[in-house]
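Taking it in order: structure first as structure tokens, then the write-up.
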Amino acid sequence: MSFAEKVKLVRTELKLSQEDLARELGVSFATINRWENGSYNPSRLAKKAFEDYCEKRTINFSEENN
């Protein structure tokens, strides 16, 4: 599963708009939009923040998808 697919999955599971997810993660709407469209990959720090966010909400991805 690509990072873009993970972002979309998390957002839809939590019933959040791109703007809501951006606010939760402390990034801009445009950043979430680019991640979800696959046009931009996050920095290591941003990716870690996203993974921590998922962990807090008990959304786990199998190791083979990382």
Side-chain angles (χ1 to χ4, degrees):
M1 178 180 289
S2 71
F3 186 76
E5 292 168 328
K6 288 180 182 182
V7 173
K8 176 86 172 183
L9 177 71
V10 167
R11 200 173 58 73
T12 54
E13 267 193 39
L14 297 176
K15 296 178 172 65
L16 297 172
S17 67
Q18 288 182 338
E19 192 171 313
D20 292 336
L21 182 59
R23 196 175 305 115
E24 294 268 328
L25 293 173
V27 298
S28 70
F29 160 80
T31 296
I32 297 296
N33 186 271
R34 289 180 190 123
W35 288 353
E36 214 171 280
N37 290 322
S39 61
Y40 180 79
N41 287 316
S43 66
R44 273 194 250 168
L45 186 60
K47 192 171 185 177
K48 175 76 172 126
F50 177 76
E51 290 168 356
D52 291 345
Y53 177 83
C54 293
E55 190 175 312
K56 286 180 188 173
R57 281 141 190 87
T58 63
I59 299 170
N60 297 308
F61 302 101
S62 66
E63 286 298 316
E64 67 187 37
N65 291 331
N66 286 332

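Heavy atoms only: backbone and side chains are in, while hydrogens, waters and symmetry mates are out.
A search for side chain to side chain contact (heavy atoms under 4.5 Å, CB included) contacts involving Arg23 returns Glu19, Asp20, not counting sequence neighbours. By the side chain to side chain donor-acceptor pair (under 3.5 Å) test, Arg11 pairs with Glu36, sequence neighbours left out. Taking Phe50 as the reference, Phe3 meet the ring pair (Phe, Tyr, Trp, His ring centres under 6.0 Å) condition, with sequence neighbours excluded.
Closest of all the heavy-atom pairs between Cys54 and Val10 is SG-CG2, 3.5 Å.
Rounding to the nearest 0.5 Å places NZ of Lys48 at 6.5 Å from CD of Glu55. Here Asn60 contributes atom CG and Glu51 contributes atom CD; the two are 11.0 Å apart, rounded to the nearest 0.5 Å. A distance of 13.0 Å separates CE in Met1 from NZ in Lys8, rounded to the nearest 0.5 Å.
Trp35 and Phe29 are not part of a single hydrophobic cluster, where members link through side-chain heavy atoms under 4.5 Å apart.
A salt bridge does not link Lys56 with Asp52: every distance from a Lys NZ or Arg NE/NH1/NH2 to an Asp or Glu carboxylate oxygen is 4.0 Å or more.
Between the side chain of Asn37 and the main chain of Asn33, a donor-acceptor pair closer than 3.5 Å is present.
With contacts defined as side-chain heavy-atom distances shorter than 4.5 Å, the pair Leu14/Ile59 qualifies.
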